[in-house]
Number of protein chains: 2
Amino acid sequence: MYTSHLLPSASSATFPAFGLSSEALTLESLFASLPVDKFAAGEGVFWEGDAASDIFQIAEGCLRLYRILPDGRRAIIGFRFAGEMLGLSCEGTYCYTAEAVTPIRLRRLSRARLRAMSEGDGQLQSLLLAKVFEEIRAAQQHIVVLGQLGAEERAAHFLVSAARRTGADRKRPVVIELPMTRQDIADYLGLTIETVCRVMSKLKRDGLVTLEGRHRVILVRVADLQQLAGELDSAEPWERQASPWCPPQWPH
Amino acid sequence: MYTSHLLPSASSATFPAFGLSSEALTLESLFASLPVDKFAAGEGVFWEGDAASDIFQIAEGCLRLYRILPDGRRAIIGFRFAGEMLGLSCEGTYCYTAEAVTPIRLRRLSRARLRAMSEGDGQLQSLLLAKVFEEIRAAQQHIVVLGQLGAEERAAHFLVSAARRTGADRKRPVVIELPMTRQDIADYLGLTIETVCRVMSKLKRDGLVTLEGRHRVILVRVADLQQLAGELDSAEPWERQASPWCPPQWPH
DNA sequence: GAGCCTCTGTTACGAACTGTTACGTACTGG
DNA sequence: CCAGTACGTAACAGTTCGTAACAGAGGCTC
């Protein structure tokens, strides 16, 4: 799981890459027949304050969710990847801006229609509620990370979470792809870009990871990274299937 | 609103002190006939990992919600006050420990029973969902505070939020009562107790607040405090009624 | 109710960490 | 291939932390 909001998708439901789970199929099928919207990298899907009329499922790509403070600082609340949903936990207006990190394709479902569909469908309601609870749990995890962990610990947590989320932690070597920029990571972890660089370099120097280019990290000593991360994950219910992962080809 | 989780109660529903709102009555009436449990200050109501069998409504007093990290650090996720609910957004097991800050009285409703009651009751479902959404919004607010604000800004935000939450910001002078200890505030704001003291002293020295004993703060220059807090509140939908407030008599 | 005791809170100062600024390098896209 | 952007590194500055000493409030005993 990605520190917190990187993996706010399913708790009991899963998102296998080819839709083998019956529970997941229920949710996936809601979107399956909908047309696909495309957005270029850097494009916004919706903005904080917009009427929250739709929810989205990401068919492909990666988004960042953020809020801008009055003085211009940017707080990234989380990232969303292929297979995950977007905008479910907003009511009235979106409480953050959603922007494409990579080129993305997503399907749009109006909130009104979802409401109509879930009316009287207890199973669907449960699935949606599970996603909302998952999002709360992820947010609380993020709160713990930002409030209690130091820079190196936050970075370790970010990496370990990414590995778990993508399922990379079940292969050897553990290779994770990070489509977002260092600035994105910094704004997500509550650090500056320089501190992120420093810490990544230190992890590399200490032999915990290997860096291949800007967007690929190989976790060498996973157990040590997990310990650095405060082992916040191990007690977490993220024992789940990986979401489909976009191929490593995002330009910046 | 309290930085974030201090006020995760209602978004559309309100909790007037004497239950005058019809929406609030719907939720309040769920608990009204239930027996009252009492807990002494420092006592735990439930623990992280416990089966989340019940949800609670606080009749009186204040609780802290926290998680303990493997190395002993304590992260306070939020506080809960009289009139608010507890344990709603957990599924399966509680994801934090709830502990009385002051002597508390609360009413317990089993999750199974709530489920049965809400089955087929669309209005009740909406009310509960609104509370869950409110909690997510509060958590995201807390993420922004912990990730982007400095120590003084966090403290200012904490105070302004407390004022808004208790309705103290609509009177002059703005007097807020903080039943929790400095250590609680520190663990909530991601600071050390010394930094909390230092910052509070600085706010006092700068004439922004007056401190009366350990648990009472008078906000002198509210607008300046709000600006320090990043004005995160002003754009927030916390334009709501205050919850009933416990009398200022908590010993430590 | 007086006095002692313990716990909480406050302040000071040095240490550690993170932010800031600046500059050089690597990658990306045209 | 070139220009622009993102990234990495280093030196310096600022903030926060950690330790420690002290002050004050509340509780307890007598």
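The model shown is predicted, which means the values in this text are computed figures rather than measured ones. Basis for what follows: all heavy atoms, side chains included, without hydrogens, waters or symmetry-related copies. In what follows, every chain begins at residue 1, and chains take the letters A, B, ... in the order their sequences are listed.
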According to side-chain hydrogen bond (donor to acceptor under 3.5 Å, both in side chains), who are the partners of A:Arg73, at least two apart in sequence or on a separate chain?
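A:Arg73 satisfies side-chain hydrogen bond (donor to acceptor under 3.5 Å, both in side chains) with A:Asp71, B:Glu153 only.
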
- Query: With B:Gln148, which residues qualify under side-chain hydrogen bond (donor to acceptor under 3.5 Å, both in side chains), at least two apart?
  - Reply: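 Here no residue qualifies.
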
Give the rounded distance in Å between these two atoms: [atom1] of [X] and [atom2] of [N].
{"X": "A:Arg216", "N": "D:dC7", "atom1": "CZ", "atom2": "P", "answer": "16 Å"}
{"X": "B:Leu203", "N": "C:dG9", "atom1": "CG", "atom2": "P", "answer": "17 Å"}
{"X": "B:Leu211", "N": "C:dT8", "atom1": "CG", "atom2": "C1'", "answer": "15 Å"}
{"X": "A:Arg154", "N": "C:dC17", "atom1": "CZ", "atom2": "C1'", "answer": "11 Å"}
{"X": "B:Ile193", "N": "D:dG18", "atom1": "CD1", "atom2": "P", "answer": "12 Å"}
{"X": "A:His215", "N": "C:dA26", "atom1": "NE2", "atom2": "P", "answer": "16 Å"}
{"X": "A:Lys204", "N": "D:dT9", "atom1": "NZ", "atom2": "P", "answer": "7 Å"}
{"X": "A:Gln148", "N": "D:dC17", "atom1": "CD", "atom2": "C1'", "answer": "13 Å"}

_When you measure only distances, ignoring hydrogens and angles, does the side chain of B:Arg214 come within 3.5 Å of the base of D:dA25 through a donor and an acceptor?_
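No such pair is found, so the answer is no.
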
Any N/O donor-acceptor pair, B:Arg182 side-chain to C:dT8 base, under 3.5 Å:
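By the distance-only test, no, there is no pair.
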
For B:Glu43, give me all partners under salt bridge (Lys or Arg N to Asp or Glu O under 4.0 Å), at least two apart in sequence or on another chain.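 Testing B:Glu43 for salt bridge (Lys or Arg N to Asp or Glu O under 4.0 Å), a comparison that skips the adjacent residues, returns none.
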
According to salt bridge (Lys or Arg N to Asp or Glu O under 4.0 Å), who are the partners of A:Arg198, at least two apart in sequence or on a separate chain?
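For A:Arg198, no residue satisfies salt bridge (Lys or Arg N to Asp or Glu O under 4.0 Å) once neighbours in sequence are set aside.
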
- Partner residues of A:Tyr96 under the ring pair (Phe, Tyr, Trp, His ring centres under 6.0 Å) criterion, sequence neighbours left out: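 For A:Tyr96 there are no ring pair (Phe, Tyr, Trp, His ring centres under 6.0 Å) partners, ignoring immediate neighbours.
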
State, yes or no, whether a side-chain contact exists between A:His142 and A:Tyr188 at a heavy-atom distance under 4.5 Å.
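Yes, side chains in contact.
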
message: With nearest nucleotide decided by heavy atoms, which residue, B:Val196 or A:Ser201, maps closer to the 5′ end of DNA chain D?
response: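 By nearest-heavy-atom nucleotide position, the 5'-most residue is A:Ser201.
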
Taking N or O atoms only and anything under 3.5 Å, show me the protein contacts with nucleotides 18-20 of chain C, one pair per line.
residue: C:dT18; atom: OP1; partner: A:Ala151; partner atom: N; Å: 2.8
residue: C:dG19; atom: OP2; partner: A:Thr192; partner atom: N; Å: 3.4
residue: C:dG19; atom: OP2; partner: A:Thr192; partner atom: OG1; Å: 3.3
residue: C:dG19; atom: OP2; partner: A:Thr195; partner atom: OG1; Å: 2.5
residue: C:dG19; atom: N7; partner: A:Arg198; partner atom: NH2; Å: 2.7
residue: C:dG19; atom: O6; partner: A:Arg198; partner atom: NH1; Å: 3.0

Measuring from atom CG of B:Leu203 to atom CG of B:Leu225, what distance do you get when rounded to the nearest 0.5 angstrom?
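It is 6.5 Å, given to the nearest 0.5 Å.
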
